[in-house]
Amino acid sequence: MDKMDEELKCPVCGSLFKDPIILPCSHNVCLACARNIIVQTPEGETPPHSRASGNSDYDYLDMDKMSMYSETDSGYGSYTPCLKSPNGVRVFPPAMLHRHCSITCPLCHRSVSLDERGLRGFPRNRLLEAIVSRYQQSRSVAVKCQLCDRNPVEATVMCEQCDVFYCTPCQQRCHPSRGPLAKHRLVPPTQVAGASQQQPAASARKLATCADHDVENYSMYCINCKIPVCFQCLEEGKHGKHDVKPLGAMWKQHKVVRDQITHCTMKLRQTTGMMEYCLEVIKENDPSGFLQISDALIKRVQSSQDQWVKGALEPKVGPEFDLSVNTDPLLQAIHQLDFIQAKVAWFTFDATSAHRDIVLTNDNQTVSCNSYDDRVVLGTAAFSKGVHYWELCVDRYDNHPDPAFGVARINTMKDMMLGKDDKAWAMYVDNNRSWFMHNNSHTSRAEGGIAKGSTVGILLDLNKHTLTFFINKEQHGPVAFENMEGVFMPAVSLNRNVQVTLSTGLDVPKNMQQP
């Protein structure tokens, strides 16, 4: 029912319908809102007619949304409004009901004269009332925390910027109200489930700066690399022979696609919401209530179908805008598939999610880091079941640093040693000894370290839900972690010039220690 909330909101007040009445055009408004949009028609003058150009309810809706933000279009002929509703529809002051009064639908702008019965002449939509009541009950169900690993508890807040529900412990641990998260707005889940939130006007955004040159703003766009660049990038010659265009021109060109996506998304949301509303109507057992609105619903469904069938959503991209598909990543993924054993996985390091201090070479099989601080890089594979084993060969190891090897969630912190947060499980090791670490808890110190040429093996057994480490083909220490549940990605943290090379698709070691 979440997708049909727009069908259940009054076009005047923007809130869920309360005591809705059915206008002759088959649209609905709250009874109280209807009183506010009644206007007096001068004697002998007919009410203003619909200004919509088509017969589709969706055409009326589109025109209404266009005029909703106009400060000069009242939508009601020459009468001057004095108020404006929260939903952007003009509202008129309550007036005494005379013979010569009319009401105009805020969606399709069709007007109708009132008779001596006034608003009592319009039928109440009892069926819509029942659906709104059921919808409110469904939204009041307790929302669970999305960060709890197991047995999630009831959420207490939701971050509007992150769009994530948190219980109190998870919010304090993962979303503290300080640092870069201090400006995020935390609201109760019940407030999120209520009426539509109105976002404040967006403030001016700071121009994005170049990732390679912090003091330079992006000003150009490289067609070959498909990335924004600054003048200093061009002066250094990185894009000297590439086709480069002004950033503003490319932005306007790409907005054509954005506008098309917005248009298609709106039509899809409207159609989906209407269909869900129809399904709720069909569930009702009140024959009179159903027959009261069935004809109008059938017409709306047919109109919606015509919108899709007649090609109303054909691409609007101009011929000067060239869209191309890059199949190289897909071909690379296909080449890495193994259709023979289906027991092992091939993968590389993921350059897109790695910390910016990480250096990847050898087709993303080799990774190094010159930073003094630990930096994290993940693998391109994500495991949720099965048994998986991979190794990392230590190509360079100077000054006795302590790299960490293991697995992590996709949202683990990238600027600290692997295992410092609760999203990673790792073994960090120097030239003499090692420790296991998760959530900054150090356990099971084991003698024996690494040197240049050593190999570190990681065995993730999701059948037994365990994680075990090896050094030079021999199991190192006991089983490191148990009760491993969920989705895990291979991960490494490096610093101080350490370099390792990844080997995947390996058989599981045979010399396992019995627990």
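Just so you know, these numbers use all the heavy atoms, side chains as well, and skip hydrogens, waters and symmetry mates.
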Hey, could you give me the [atom1]/[atom2] distance between [X] and [Y], rounded to the nearest 0.5 Å?
X: Ile21; Y: Leu31; atom1: CD1; atom2: CG; value: 5.5 Å
X: Asp19; Y: Leu119; atom1: CG; atom2: CG; value: 12.0 Å
X: Phe17; Y: Cys33; atom1: CZ; atom2: SG; value: 9.0 Å
X: Met158; Y: Leu186; atom1: CE; atom2: CG; value: 10.0 Å
X: Ile227; Y: Met220; atom1: CD1; atom2: CE; value: 13.0 Å
X: Ile298; Y: Ser26; atom1: CD1; atom2: OG; value: 11.0 Å

Would Glu129 and Arg124 pass as an ion pair if we require N to O under 4.0 Å?
yes
Can you tell if the side chain of [X] reaches within under 4.5 Å of the side chain of [Y], non-hydrogen atoms only?
X: Ile131; Y: Leu8; answer: yes
X: Thr156; Y: Pro188; answer: no
X: Ile223; Y: Lys245; answer: yes
X: Gln172; Y: Tyr166; answer: no
X: Ser177; Y: Gln171; answer: yes
X: Pro20; Y: Val29; answer: no
X: Leu462; Y: Val387; answer: no
X: Val112; Y: Leu23; answer: no

N/O donor-acceptor pair under 3.5 Å between [X] side chain and [Y] backbone:
X: Lys9; Y: Glu7; result: no
X: Ser102; Y: Ser113; result: no
X: Asn224; Y: Asp243; result: yes
X: Gln146; Y: Phe165; result: yes
X: Thr380; Y: Thr348; result: yes
X: Asp421; Y: Lys423; result: yes
X: Arg409; Y: Ala424; result: no
X: His465; Y: Met484; result: yes
X: His27; Y: Pro24; result: no

Any idea how His184 and His175 line up, ring-wise: parallel (<30°), tilted (30 to 60°), or perpendicular (>60°)?
tilted
Geometric class of the Phe383/His388 ring pair [parallel <30°, tilted 30-60°, perpendicular >60°]
parallel
Residue pair Cys145, Glu154: steps toward the side-chain contact (heavy atoms from CB on, under 4.5 Å) verdict
CA-CA 6 Å; Cys145 175; Glu154 185 175 340; over 6 Å; no
Check [X] against [Y] and note the closest heavy-atom contact, atom names and distance.
X: Lys414; Y: Ile410; result: NZ-O, 3.4 Å
X: Pro490; Y: Ala381; result: CD-O, 3.3 Å
X: Val376; Y: Ser493; result: CG2-CB, 3.7 Å
X: Pro106; Y: Ile37; result: CD-CD1, 4.2 Å

Hey, is CG on Asn463 packed in by over 12 heavy atoms from elsewhere, all under 6.0 Å?
yes
Is it the case that atom CZ in Arg173 sees more than 12 heavy atoms from other parts of the structure closer than 6.0 Å?
yes
Step by step, work out the side-chain contact (heavy atoms from CB on, under 4.5 Å) result for Asn483 and Thr466.
CA-CA 6 Å; Asn483 302 318; Thr466 59; over 6 Å; no
side-chain contact (heavy atoms from CB on, under 4.5 Å) evaluation trace for Cys278 with Val301
CA-CA 9 Å; Cys278 291; Val301 172; 3.9 Å; yes
For His355, all residues meeting side chain to side chain donor-acceptor pair (under 3.5 Å), sequence neighbours excluded:
none
The side chain to side chain donor-acceptor pair (under 3.5 Å) partners of Asn364 (sequence neighbours excluded) come to none
Test item: side-chain donor near acceptor, Thr352 and Asp350, under 3.5 Å:
yes
Results of salt bridge (charged side-chain N to carboxylate O under 4.0 Å, His left out) for Asp415 - residues two or more places apart only
none
Quick one: do Glu482 and Leu467 satisfy side-chain contact (heavy atoms from CB on, under 4.5 Å)? Show the steps, please.
CA-CA 7 Å; Glu482 298 179 337; Leu467 182 66; over 6 Å; no
